[in-house]
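Reading through the structure tokens given below for one structure.
Here is the naming used below: chain letters follow the sequence lines, and residue numbers restart at 1 for every chain. All values reported here derive from a predicted model rather than from experimental measurement.
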Protein chains: 4
Amino acid sequence: MSSSTSQDSTADDRPLVILQPAPQRSERIFTASARMELESSFRVVDLEDDDDPASFEAALPEAFAIIGQPELPAARLARATRLRAICNVEGNFFPNVDYPAAFARGIHVLGCGPAYAQAVAEFALGLALDLCRGISREDRAFRSGTERYVSAGNTDAILLRGARVGLIGYGNLGRALRPLLDAFDVDLRVYDPWLPDRALADWGLVPASLEELLRRSQVVFMLATVTADSEHLLGAGELAMLSDNARLVLVSRAAVVDYDALWAEQVAGRILAGVDVWPLEPVPADDPYRRLDNLVFSGHRAGGIPQAFQQIGDMVVDDLRQLARGLPPVRMQAAAPELVGRYRNRPVT
Amino acid sequence: MSSSTSQDSTADDRPLVILQPAPQRSERIFTASARMELESSFRVVDLEDDDDPASFEAALPEAFAIIGQPELPAARLARATRLRAICNVEGNFFPNVDYPAAFARGIHVLGCGPAYAQAVAEFALGLALDLCRGISREDRAFRSGTERYVSAGNTDAILLRGARVGLIGYGNLGRALRPLLDAFDVDLRVYDPWLPDRALADWGLVPASLEELLRRSQVVFMLATVTADSEHLLGAGELAMLSDNARLVLVSRAAVVDYDALWAEQVAGRILAGVDVWPLEPVPADDPYRRLDNLVFSGHRAGGIPQAFQQIGDMVVDDLRQLARGLPPVRMQAAAPELVGRYRNRPVT
Amino acid sequence: MSSSTSQDSTADDRPLVILQPAPQRSERIFTASARMELESSFRVVDLEDDDDPASFEAALPEAFAIIGQPELPAARLARATRLRAICNVEGNFFPNVDYPAAFARGIHVLGCGPAYAQAVAEFALGLALDLCRGISREDRAFRSGTERYVSAGNTDAILLRGARVGLIGYGNLGRALRPLLDAFDVDLRVYDPWLPDRALADWGLVPASLEELLRRSQVVFMLATVTADSEHLLGAGELAMLSDNARLVLVSRAAVVDYDALWAEQVAGRILAGVDVWPLEPVPADDPYRRLDNLVFSGHRAGGIPQAFQQIGDMVVDDLRQLARGLPPVRMQAAAPELVGRYRNRPVT
Amino acid sequence: MSSSTSQDSTADDRPLVILQPAPQRSERIFTASARMELESSFRVVDLEDDDDPASFEAALPEAFAIIGQPELPAARLARATRLRAICNVEGNFFPNVDYPAAFARGIHVLGCGPAYAQAVAEFALGLALDLCRGISREDRAFRSGTERYVSAGNTDAILLRGARVGLIGYGNLGRALRPLLDAFDVDLRVYDPWLPDRALADWGLVPASLEELLRRSQVVFMLATVTADSEHLLGAGELAMLSDNARLVLVSRAAVVDYDALWAEQVAGRILAGVDVWPLEPVPADDPYRRLDNLVFSGHRAGGIPQAFQQIGDMVVDDLRQLARGLPPVRMQAAAPELVGRYRNRPVT
């Protein structure tokens, strides 16, 4: 354990912040300049490489904020009498925090999900354009000397402009993807059972049932998070509703799709898919999926790019400074008490 | 030769249109409904499968318009006393028309370039996103069992949002690409020696010299057409100005780039490129390019998709109807007398 | 007091909602259809015309939500053991609620501010265009027979396109105004001491100090709310920083401007202003302001239009239904614990 | 007559430009810097204050371009053997040019209409917002001490957001207005008999018949130019189709509306209007129109603001330089041979 300051701590009235970001790495999320900002505004107790619980316990009573996702049961929270914020820098809210106790104390429980949204949205659009135009498929053909020129390679190509597009889930990812799709004047439908139709309409969107969305869309973006309700949201029945040659982009969580059913549709050559998340990661070496031609493969890479990680650190510093000034956080995402216990996401390893 | 109508032609006062679209195919550019519109408004002399010059000559004196790109030297134009429009449906203006003679007569010389622009713009963006995020590269890795997960596969990934982007050429392609890029709030520069700086500024763009653009951009779109001035516009010197890891998207014409110099930069692993056009098409089977890893290959497929071709037919019908009503054409692109003789594009075969 | 249902209340498990909207009127905020939705989902205890505290007290123990802004000191909240939401339908958070007690209980304290934002933004833009082009001034001239034609009436007219524009405050109003201004490609600066610079930058905005904003802007929108810190935010010194012929639009709260100083600038003919809010409303009949020619007058009309009021009712119904389904509210604005005690807004009478 | 250069004219190979802008004034359209650019690239024969036809005739044989709208019958054009461009800087094409002769010679006939479009669009939007929100009406009330506060003054106020809006005519003005309206997510219909429906659809617009547009719209923008076909396009019958409380914005030409019929609708209090153009200008002092309360008056001020005039000069310089470099003009509007003879606009005096 190292403290970030050599000053006499009794004279240092900067708020104390515990930094224990594992499995996240602090040098990945904090640029040099963000780290300097953090250190200048706060006494940072850096526990990144110190997993002795005693160190954590020692810092807890004075902690103004915690950066990371350590265990925070009621007993620990009770000792953290000055705690104002818990900043999750991994991306998922896990059941290792006594959220009701935190909310009752007015402690801000903040997530870094928005930091990944732009990266995921751009990747999702990249997959969609690949599927609409056969970019990686024809690149493979070129490398094997079987490329087709001009219209011969374009028989199933479609414009995204004006296409019928569906978004399943309209949270951070959908909101980041939406302006990108607007530039294509797509004919958009949104399914999100957590949002009232009038909210979507007020944001200029057209709500749809899942079935309507699946049946009409040429391009479907699966952006839903995992809860007990959304597991296998796309099962065999739902996938069968997709029209022939529909393009399906999966960039949220594997658990929302029945991969056996997806496999069947793919083997049948009925739909095209871009898949970034997998039921088992790494995908087994002999997984038959690896032979599919109408699939664009990606290894859980949609969100975790350097700029996204650095965005997390910037957000943390900004919001901790807001709180230290008596202002509300504005950059990280506040956990909703109604939802925080529902997520079934697993940590990315 | 077949006439589209069984009516007594002496009583039929619909304007006569010669259809000789080769190498374009009429069923590719006209949907059933567009063809019906064409036939209902005009007497169509269909010479698609009739290359007897006598047929063409016979129809010429009455022709109101020609759909296609046949030879039209001064002598032929002189006989076409009623001619109002020449509708090129291939995409390039060739030197087989006496353009000055046509312009002196007020004959509209119309091109179908705008029909391809959206398709090319979407493809170019797809290539750019692929290069920014390694989409096809990691898809290949997945298929060979060497995929990398999460941040391990993202070390060189960048957001398009906020990226420094340069457009070389701001014609139909640039105008179609621009709103797509605007959605990413890119930091855009444009080089186009055919446009005054103030015109670009008035359209909300920042003009730049070619050198400034190349040196500062993380993503460069080559969108220029070929003229005597633009051949090898990107030579060894210019390519050397690109910063390391710059992404270069080539979707206009091969002649504007020195491919030997490009090859050298690629082999050095200094830049990434998405290439749709080639000095020789098809690319020779043993071309060493085919082994490059930092290149996304495409076989001249950016523009020629079914929806683009059908757009051509719609445009032709719309503009011929405009002219028949005494109104100016509004959908095809009027050839500029100053430019039409400068193009060095070859037909796509 | 009337209950909305004839059912046996012991068998009715719909959540109970107390409706006491004064000074707001329920028929103004609920369309017939929204009212029907409210009644179908909730047992509504309608106290709009019942100011007997006993009625309120009787309903309180069972209340799931309160629509209105009644007194809610700790004692009352303590009896409201089932309370989940307090829906303010007036627009300002007053100090008549024990907010800490509500937050400690996880009760949602929701405001209707967003319902007015679009109306205010459109009005503010209307005032700005009026000031840029002399719309009401020349309309008056026309009515008095002294109108000027063409350029004679346009000597001080400016385009909004490309103009240097400043927003003071970037909350609901600024966010609603921003896309309207974006359509004009304005050169925008934002001053908001409650937001970190990086947040503004991430939203594509350029932060500025108040002084820089005032000195450079041709058009300034005052959109800040009133707190102890923002009273007379624009005093004599700040107004003097405005350039000659600057246009100032005041649509938030009168207390943020020193009207004596504004009056001096206006009398001097140095700036133009559009003013919707006044230190005293109604403005005294003999107020010398009424004679100013370079001012567009409005009687606190920016937000309170029929569609804005009806938006409130829709939002209330949507969010109460969300809460009844165990989901977070998404349409009203959650009060920030850090801010709710700072506002100094008075109710509009 | 003065020549702009002291150089020996036999050695000066800069193209010669005749400047005779009346009734436009050169100092109004050329900034100092644009004038300097003009002088540096061209030999300017300045005939602004020289109406001796001999001066004009003397310069004609060498003239590369003419800036202004002088008489150019066939005989004069025949003597202007080097003429490449006629740059109209007034705004209307008059019948004082032998257009067919010019077109046969490939002389560019260029208009400055686009220079006014942004100014008109902003003004039109300002009028629309005024009519939607009663801005000038309530400003008048305030000045007479009869202002109404909050909702009392807003009974007929409507949002522009989501409103049903119609554009009559989709030329320069409509194209400039469209992005401003898009920011309000209006429900837009366009009527323009000079454009094919598919062109409008391709630009993302919904075409409508005039009747449908008038019956459904809450806000109608009259943007059509005058031709034999469009005189009194809005007559009594058409105005009667407008729904009660419709807002009508007239900013193109008076001749397209039957003002007697408009007067009747206004007197009946059935519609609101913002009117910038008048059958007789100046409007007679005793015109009963001047007493109408549901009208916003303006004296032909929509387009002629300083920035618009200066835009003309910039466009002229840019396009003449383009032509001198052998490139097509890109900023002014090329006269369409099909349309140039149809306009019935009168010069603004």
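For A:Leu323, the part sitting under 4.5 Å from any heavy atom of chain C is the side chain, from C-beta outward, and nothing else. At a 4.5 Å heavy-atom cutoff, the contact between C:Pro328 and chain A is made by backbone and side-chain atoms alike. Residue A:Ala336 touches chain C through its side chain alone, counting heavy-atom pairs closer than 4.5 Å. Heavy-atom distances place the side chain of A:Leu339, and not its backbone, under 4.5 Å from chain C.
Interatomic distance, CD of C:Glu338 versus NE2 of A:His108, reported as 3.5 Å (0.5 Å rounding).
The main-chain N or O of C:Trp194 is found under 3.5 Å from a side-chain atom of A:Gln322 such that the two form a donor-acceptor pair.
With sequence neighbours left out, A:Arg175 forms a salt bridge (charged side-chain N to carboxylate O under 4.0 Å, His left out) with no residue at all. For C:Arg325, there are no salt bridge (charged side-chain N to carboxylate O under 4.0 Å, His left out) partners two or more places apart in sequence or in a different chain. For C:Asp202, the salt bridge (charged side-chain N to carboxylate O under 4.0 Å, His left out) partners are A:Arg331, B:Arg161, not counting sequence neighbours.
Between C:Arg342 and A:Gly326, the shortest heavy-atom distance links the atoms NH2-O, 3.0 Å. Of all the heavy atoms in C:Val330 and A:Trp203, the pair that sits closest is O-CZ2, 4.5 Å.
Each of A:Met315, A:Gln118, A:Glu37 has some count of heavy-atom pairs under 4.5 Å with chain C, and the biggest count is that of A:Glu37. Counting heavy-atom pairs closer than 4.5 Å to chain A, the top-ranked of the candidates C:Asp319, C:Leu195, C:Leu327 is C:Leu327. Residue with the most contacts toward chain A among C:Ala334, C:Pro100, C:Pro193, C:Gly106: C:Pro193 (heavy-atom pairs, distance under 4.5 Å).
Identified by a heavy-atom distance below 4.5 Å to chain C, contributing residues of residues 177-184 of chain A are lacking entirely.
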